[in-house]
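For reference, the structure is listed below as structure tokens.
Here the structure is a predicted model, which means the values were calculated and not measured.
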Amino acid sequence: MKRFFIFISLHLFLFLLVIAYQAQADDEKWSIDDFGSYVVASVHGEVVWGDKLRFALMKKNCDYVNVLFSFLTYKNSKVPELQGRKVPIKINGSDTLNVADVLLVKPAFSNMAFFVMFAAPEYYPLNKFTEGIMKDYKKDKVFSIMLAKSDDFDPEEYFDLFYNNWKIDKLPEKITEAYQMCTGKPNKILQG
């Protein structure tokens, strides 16, 4: 009986060890999707897993990228008022305020929550953007976005959590894959 207990315990331990390793290996799970006129590379958030950071390439000009991100909120019913607004954000804790456009506010979980999609106000040159974001990322190994307070916007009024960060170590290789899917040819600058 004692051997049987040790045998079961050992197998359970190995099973849990494999599961823990697998969960750690999937921390930075990226997906690359073709949406017809766009190709999007995305990664899940570290604070809220469902809040994704997205890099969108428009097929009519794959050399430019737009950054999109989403936050889920259970806060209150006034969230739909945000659609179409510009809201202040801080990137990587910077004192400089940037702006994000609220593209979409969609009810979720039987209208108990709202999915809010934000976008950078413009498209950026792909190679220059990727090099710049990775240079900043390598300093602290963090890419974070926080919705910031301004005279006409208080994120605490609309969001439970208004901060997330993402691991983007694999951005250069994933953006290269997205570019190849977008154009059908490799981007030599990003690969080198």
Looking at residues at least two apart in the chain, or sitting in another chain, which of them share a ring pair (Phe, Tyr, Trp, His ring centres under 6.0 Å) with F115?
none
Could you tell me whether the side chains of N92 and S94 share a donor-acceptor contact shorter than 3.5 Å?
no
Ring pair (Phe, Tyr, Trp, His ring centres under 6.0 Å) involving F153 - partner list, sequence neighbours excluded:
Y158
Do I91 and F118 share a hydrophobic cluster (ILVMFWY, side-chain heavy atoms under 4.5 Å, transitive)?
yes
Atom pairs and distances, side-chain donor-acceptor, residues 51-60, under 3.5 Å, sequence neighbours left out:
unit_1: D51; atom_1: OD1; unit_2: L72; atom_2: N; d: 3.0
unit_1: R54; atom_1: NH1; unit_2: S70; atom_2: OG; d: 3.2
unit_1: K59; atom_1: NZ; unit_2: D34; atom_2: OD1; d: 2.9
unit_1: K59; atom_1: NZ; unit_2: D34; atom_2: OD2; d: 2.8
unit_1: K59; atom_1: NZ; unit_2: G36; atom_2: O; d: 3.1

Who pairs with D95 by side-chain contact (heavy atoms from CB on, under 4.5 Å), at least two apart in sequence or on another chain?
none
List for me each residue that meets side-chain contact (heavy atoms from CB on, under 4.5 Å) alongside K90, sequence neighbours excluded, and say none if there are none.
L97, M146, A148
Determine yes or no for a side-chain-to-main-chain donor-acceptor pair under 3.5 angstrom, with H44 supplying the side chain and W49 the backbone.
yes
Determine which pairs satisfy ring-ring contact (aromatic ring centres under 6.0 Å, His included) with at least one residue from residues 74-96, sequence neighbours left out, and list them in order.
none
Under the salt bridge (Lys or Arg N to Asp or Glu O under 4.0 Å) test, residues paired with K141 that sit two or more places apart
D169
With sequence neighbours excluded, tell me which residues meet ring pair (Phe, Tyr, Trp, His ring centres under 6.0 Å) with F143.
none
Enumerate the side chain to side chain donor-acceptor pair (under 3.5 Å) contacts for residues 97-122, please, sequence neighbours excluded, ordered by first and then second residue.
K86-D101
Let me confirm one number: the CG-OH distance from N66 to Y123, rounded to the nearest 0.5 Å.
5.0 Å
Set of residues satisfying salt bridge (Lys or Arg N to Asp or Glu O under 4.0 Å) with respect to K139, sequence neighbours excluded
D136
Nearest 0.5 Å please: distance from the CG atom of L103 over to the CZ atom of R85.
14.5 Å
Checking D33 now: which residues fulfil salt bridge (Lys or Arg N to Asp or Glu O under 4.0 Å) with it, not counting sequence neighbours?
none
Listed once per pair and sorted, the disulfide bond (SG atoms under 2.5 Å apart) pairs that draw on residues 52-144, sequence neighbours left out
C62-C182
Same apolar cluster (I L V M F W Y, side chains within < 4.5 Å links), I89/L82:
yes
